[in-house]
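Data first, discussion second: the structure below is written as structure tokens.
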Amino acid sequence: MNQIDARGYSCPEPVLMTKRALEKGTPLVVLVDNETPLENIRRFATNLGYQVEWKELGEDFEVTIR
């Protein structure tokens, strides 16, 4: 399973990192540190037809794209 750590990056970098990682295939796990990149990644992946799930990990979020 591919995993990227986008914590600490401001938008649009987490979405661009996700786009590059999706080129290598799914499932993909993306770690982000606030709701803005979470929503942007969720919207981006959903618009491309992927299934997106997420969960809170303390102050961070884990986004799984399939």
Next on the checklist: Whether the side chain of Asn2 engages the backbone of Leu22 through a donor-acceptor N/O pair (distance < 3.5 Å, no angle test) should be reported.
Outcome noted: no
Next on the checklist: Applying side chain to side chain donor-acceptor pair (under 3.5 Å) as the test, list every pair that has at least one member in residues 5-16; sequence neighbours left out.
Outcome noted: Asp5-Arg7, Arg7-Asp60, Glu13-Arg20
Checklist outcome for this item: Between the CD atom in Glu53 and the CD atom in Glu62, the distance rounded to the nearest 0.5 Å is 10.0 Å
Item to check | ILVMFWY cluster, Trp54 and Met17 together (side-chain gap under 4.5 Å) | outcome: yes
Checklist outcome for this item: Tightest non-hydrogen contact, residues Ala6 and Pro14, listed as CB-CB, 3.9 Å
Checklist entry - Do Tyr50 and Thr26 come close enough that some side-chain heavy atom pair is under 4.5 Å? => result yes
Checklist entry - Taking the side chain as C-beta and beyond, is there a heavy-atom pair between Arg66 and Thr64 under 4.5 Å? => result yes
Item to check | Distance, nearest 0.5 Å, that separates SG of Cys11 from CG of Leu16 | outcome: 9.0 Å
Considering only distance and modelled atom types, tabulate donor-acceptor pairs under 3.5 Å from the side chains of residues 41-49, sequence neighbours left out.
from	atom 1	to	atom 2	distance (Å)
Arg42	NE	Glu39	OE1	3.1
Arg42	NH2	Glu39	OE1	3.1
Arg43	NH1	Asn40	OD1	3.2
Thr46	OG1	Arg42	O	2.7
Asn47	ND2	Arg43	O	3.3

Checklist entry - With a 4.5 Å limit on heavy-atom distance, are the side chains of Phe61 and Leu31 in contact? => result no
Item to check | From NZ (Lys55) to CG (Leu38), nearest 0.5 Å | outcome: 13.5 Å
Item to check | Contact check, side chains of Gln3 and Leu28, non-hydrogen atoms, under 4.5 Å | outcome: no
